[in-house]
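Reviewing the structure listed below.
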Amino acid sequence: MDALLDGMIASGELPADINRKAVTVEPPRDASHGDLATNAAMVLAKPAGLNPRALAEKIAARLDALEEVESVSIAGPGFINMTLTAATWAGELRAIEQMGADYGRSSSGAGVTVNVEYVSANPTGPMHMGHCRGAVVGDALATLLEAVGHKVIREYYINDAGGQVDVLARSAHLRYAQALGEDIGEIPEGLYPGDYLVPVGQALAEEYGERFVGAPEADWLVLFRTRAVAAMMEMIRSDLALLGIHHDVFASEAELQAAKKPEAAEAWLRDHDLVYDGVLEAPKGETPEDWEPVELPLFRSTKFGDDQDRPIKKSNGSWTYFGADMAYHFQKAQSADQLIDIWGADHAGTVKRIQAAVAALTEGKARFDVKLVQMVRLLRDGEPVKMSKRAGNFVTLADVVREVGKDVVRFTMLTRKADAQMDFDFAKVVEASKDNPVFYVQYAHARIASLGRKAAEAGMALPAPDLSRLGTEELALVKLAAQYPRIIEAAAQAREPHRIAFFLGDLAASFHSWWNMGNDDAARRIIVVNDAHITAVRLFLAQQIGQIVRNGLALMGVEALSELQ
RNA sequence: GCGCCCAUAGCUCAGCAGGAUAGAGCGUCGGAUUCCUAAUCCGAAGGCCACAGGUUCGAAUCCUGUUGGGCGCACCA
């Protein structure tokens with residue numbers, strides 16, 4: 001299309017300064033209009049000084065001359081519809097076979113490194129279902145970006161410097177005392193009650209004996225914190241591994257602070273008058289009683305669209321979460337061209353300030369997106385499951401994955417766009433019933449795999465497939481399958497991995513439909529025992545569909561099954 | 001009070017940077033199993049795309065406002 005427009009500019013039919021971005025070429029919603037449609041005539045009519053229909057005629061004439069194009073028609077206000085030759089589609093089908101697992105991959109993102117930070121759960125306990133969606137979405141997005149040629153860094157930020165890890169250390173100290181025979185009774189309010197700290201306490205007891213019993217906190221806090229965090233991260237890594245998730249980089253907030261990164265960022269910002277000492281206004285709405293005006297170092301996030309300047313240090317001189325996070329993002333931007341954070345929707349309120357900080361520190365150079373993943377409401381027997389980390393009654397990720405399998409969890413989490421809320425009906429997922437769309441897609445793949453086995457059993461000698469024998473229904477399936485690369489490209493562009501799941505659902509539906517034609521009419525089956533030629537063609541098509549299903553599932557981190565029990 | 005996200009069939013959701021008659025699954029109703037896996041398929045019913053304006057050849061999609069729901073709102077993490 002680009003070449004065609006070039007030709008028209010060269011011949012003076014179009015002015016040179018046209019806006020090409022508005023020109024689209026895509027399959028029309030209604031297949032009866034043709035294989036491809038373009039709005040070029042309507043978009044370009046004004047600058048060309050022609051009415052859309054007249055321009056459409058000129059473009060259509062040129063399109064018609066192309067070898068791949070079977071026929072062209074003009075419709076409505078100036079749509080140009082094209083039908084491609086069967087040979088063109090057959091060629092696309094062969095391309096799927098030749099490229100195999102690479103079909104759909106591209107290099108459009110080559111040379112651009114993207115850092116995807118996801119999960120980053122606080123190291124204070126095992127992963128629970130609340131973390132699950134962000135983990136899956138982040139991981140699938142990372143894989144998707146790799147598929148279009150980006151270099152991707154998968155990163156996890158360990159929040160090991162705040163008050164919550166001190167609480168963790170105290171909780172571990174209690175378990176340590178318990179391991180040495182002390183009766184600790186009820187876990188006090190404000191400490192983590194989970195059993196997962198018991199082994200941590202035991203290990204510390206074995207190593208240090210009674211040395212820290214009744215000792216002042218200053219003697220053991222750092223040690224216990226370090227050990228407990230390490231143990232929690234170990235646990236989190238193994239939970240993530242159950243989902244097939246592995247990060248390249250684990251960045252520690254404590255190390256970042258030890259390396260004085262926040263100080264460096266502050267100095268730079270002060271030089272540029274983006275940090276100043278000031279007093280925050282009282283919070284809007286109900287003012288807490290203990291609120292007092294205090295002078296703090298503030299970042300001018302209002303300059304970048306935030307509604308309030310944000311403190312980077314607390315009144316006790318330590319860094320706020322934001323202060324450290326700002327430095328952390330600056331660090332990430334050193335080794336990547338683009339940054340993506342996957343956050344839970346409960347952090348939505350802090351998006352603007354961090355975007356402001358990144359814009360300031362990178363002087364607007366780094367593309368930075370925060371993808372908010374909405375809450376997942378867990379249902380059991382139709383009732384919402386209440387979870388609280390404090391109370392220790394959360395549903396762990398590991399439990400769910402062990403029960404229903406990683407593939408079901410991963411696929412299910414990708415069947416909704418990330419910024420829409422989602423109900424996760426626990427009972428249905430545990431049942432692994434037909435309500436899980438993953439089975440629908442898997443079933444299609446299993447059927448395709450069984451075709452290969454059946455053909456082999458029948459002992460048919462299959463000739464090389466003659467693709468000119470593809471029928472109308474088969475060609476329709478080829479056309480749908482051929483959209484796969486476009487879907488991947490668009491999904492990567494929009495950073496929406498769920499589109500893959502929907503496409504696979506469509507593809508599986510078309511395949512099942514095609515398959516079932518054989519139920520009404522034996523001559524329409526894929527394997528026709530007395531016709532090796534038609535069997536060869538249909539089997540070839542089925543296998544390429546299977547290839548695409550495998551490719552799509554691979555991007556989602558889901559294994560394609562060859563058999564269902 | 002303020003900010004962010006959302007609003008599409010009875011229910012759960014798609015709708016690909018504005019395109020032609022708005023789609024799917026579930027549910028409801030009616031069909032298809034001596035047959036390559038019926039865990040599937042075919043058909044029917046079901047819509048003021050929350051509401052009101054605007055932008056243009058053209059809006060579910062973009063802009064403004066309203067209503068309704070979710071999340072958040074000190075130096076927490």
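The sequence lines fix the lettering, A, B, ..., with proteins before strands; numbering per chain opens at 1. Predicted model only: the values in this text are computed from it and were never measured.
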Expected rows: protein N/O vs nucleotides 13-15 of chain B N/O, under 3.5 Å:
from, atom 1, to, atom 2, distance (Å)
C13(B), OP1, Gln421(A), O, 3.1
A14(B), OP1, Lys417(A), N, 2.9
G15(B), OP1, His498(A), NE2, 3.3

Sort me out a list of protein N/O and nucleotides 57-59 of chain B N/O pairs below 3.5 Å, or just none if empty.
from, atom 1, to, atom 2, distance (Å)
C57(B), OP1, Lys46(A), NZ, 2.8

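What separates CG of Leu504(A) from P of C16(B) is a distance of 18 Å, to the nearest Å. When rounded to the nearest whole Å, the span between CD1 of Ile354(A) and P of G3(B) equals 21 Å. The separation between Asp531(A) atom CG and C36(B) atom P is 18 Å, rounded to whole Å. Following rounding to the nearest Å, Asp506(A) (CG) and C41(B) (P) show an atom-to-atom distance of 12 Å. To the nearest angstrom, P of C6(B) lies 9 Å from CG of Leu372(A). Rounded to whole Å, the distance from CD on Gln374(A) to P on G70(B) is 12 Å. For the pair Asp309(A) CG and A74(B) C1', the computed distance is 14 Å after rounding to whole Å. Per the geometry, CZ belonging to Phe503(A) stands 16 Å off C1' belonging to G23(B), to the nearest Å.
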Read 5' to 3' with Watson-Crick or G-U pairs under 3.5 Å, [ ] for crossing pairs and | for partners on another strand, RNA chain B gives (((((((..((((.....[...)))).(((((.......))))).....(((((..]....))))))))))))....
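Among the heavy atoms of the strands lying under 4.0 Å from Gln493(A) is at least one base atom, whether or not backbone atoms are also near. Within the 4.0 angstrom heavy-atom criterion, base atoms lie near Ala37(A). Using a 4.0 Å heavy-atom criterion, one finds that Thr320(A) contacts the sugar-phosphate atoms exclusively. If you check every strand for non-hydrogen atoms under 4.0 Å, Ala522(A) touches nothing. In this structure, Ala446(A) reaches the bases: a heavy-atom distance under 4.0 Å links it to at least one base atom across the strands shown. Residue-level contact check: Gly78(A) touches neither bases nor backbone, having no heavy atom under 4.0 Å from any strand. Across all strands shown, Leu280(A) has heavy atoms under 4.0 Å from sugar-phosphate atoms exclusively, and none from any base.
Screening Ile545(A), Leu541(A), Leu539(A) for a side-chain contact (heavy atoms from CB on, under 4.5 Å) involving Gln543(A) leaves a single residue, Leu539(A).
When atom types are taken as modelled, the side chain of Thr535(A) and the backbone of Val529(A) share no donor-acceptor pair closer than 3.5 angstrom. Of the possible polar contacts, one joining the His329(A) side chain to the Asp325(A) backbone as a donor-acceptor pair under 3.5 Å is found. Although no hydrogens or angles enter the test, the distance criterion places no donor-acceptor pair under 3.5 Å between the side chain of Ser513(A) and the main chain of Ala509(A).
Here C41(B) is the nucleotide among A20(B), C16(B), C41(B) with the atom lying nearest to any side-chain atom of His512(A). Comparing atom distances between the Tyr321(A) side chain and each of C4(B), A77(B), A20(B) picks out A77(B) as nearest. Candidate nucleotides A38(B), G19(B), A77(B) were compared by shortest atom distance to the side chain of Asn39(A), and G19(B) ranks first. Side-chain proximity of Pro311(A) to the nucleotides U37(B), C41(B), C75(B) is greatest for C75(B). Here C16(B) is the nucleotide among U40(B), G19(B), C16(B) with the atom lying nearest to any side-chain atom of Ile487(A). Side chain of Val294(A), nearest nucleotide from C75(B), A32(B), A77(B): C75(B). Of the candidates A77(B), C4(B), U40(B), C4(B) carries the atom nearest the Lys352(A) side chain, counting heavy atoms from C-beta on.
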I'd like to know whether Met326(A) forms a side chain to side chain contact (heavy atoms under 4.5 Å, CB included) with Leu269(A), so could you lay out the CA-CA distance, the side-chain angles of the two residues, the decisive distance to 0.1 Å, and finally the verdict. CA-CA 11 Å; Met326(A) 184 177 75; Leu269(A) 290 168; 3.7 Å; yes
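Taking 4.0 Å as the cut-off between side-chain N and carboxylate O, Arg270(A) and Glu266(A) count as a salt-bridged pair. Checked for salt-bridge contact, Lys332(A) and Asp341(A) meet the test: a charged N lies under 4.0 Å from a carboxylate O.
Stacking here means ring centres nearer than 5.5 Å and ring planes tilted less than 30 degrees, and by that measure His347(A) does not stack onto G72(B).
Dashed line: the shortest gap from a side-chain N or O of Lys314(A) to OP1 or OP2 of A77(B) is under 4.0 Å. Of the side-chain N and O atoms in Trp319(A), none sit less than 4.0 angstrom from OP1 or OP2 of C75(B). Neither OP1 nor OP2 of A74(B) sits under 4.0 Å from any side-chain N or O of Arg310(A). The phosphate of C42(B) (OP1 or OP2) has a side-chain N or O of Ser513(A) nearer than 4.0 angstrom.
Around the CD atom of Glu559(A), the shell of radius 6.0 Å holds no more than 12 heavy atoms that belong to other residues, nucleotides or ligands. Within 6.0 Å of CD in Glu295(A) there are more than 12 heavy atoms belonging to other residues, nucleotides or ligands.
Take Lys479(A) and apply the salt bridge (charged side-chain N to carboxylate O under 4.0 Å, His left out) test, not counting sequence neighbours, and it matches Asp35(A).
Identified under the salt bridge (charged side-chain N to carboxylate O under 4.0 Å, His left out) test for residues 526-550 of chain A, with sequence neighbours left out: Arg469(A)-Asp531(A), Glu474(A)-Arg538(A). Applying the side-chain hydrogen bond (donor to acceptor under 3.5 Å, both in side chains) test to every pair with at least one member in residues 520-530 of chain A, sequence neighbours left out, gives these pairs: Glu473(A)-Arg524(A).
For Asp160(A) and A77(B), a side-chain-to-base donor-acceptor distance below 3.5 Å is absent, hydrogens and geometry of angles not being considered. The base of C36(B) does not come close enough to the side chain of Ser450(A) for any donor and acceptor atom to sit less than 3.5 Å apart.
Heavy-atom nearest nucleotides on RNA chain B were determined for Gln164(A) and for Asn519(A), and the one closer to the 5' end corresponds to Asn519(A). Along RNA chain B, the nucleotide nearest Ile527(A) and the nucleotide nearest Gly349(A) are compared for position; the residue whose nucleotide lies closer to the 5' end is Ile527(A).
With hydrogens and angles left out, the side-chain atoms of Asp309(A) and Tyr276(A) include a donor and acceptor closer than 3.5 Å.
Shown here for Ile236(A) and Pro123(A), the closest heavy-atom pair between the two residues is CD1-CA, 4.0 Å.
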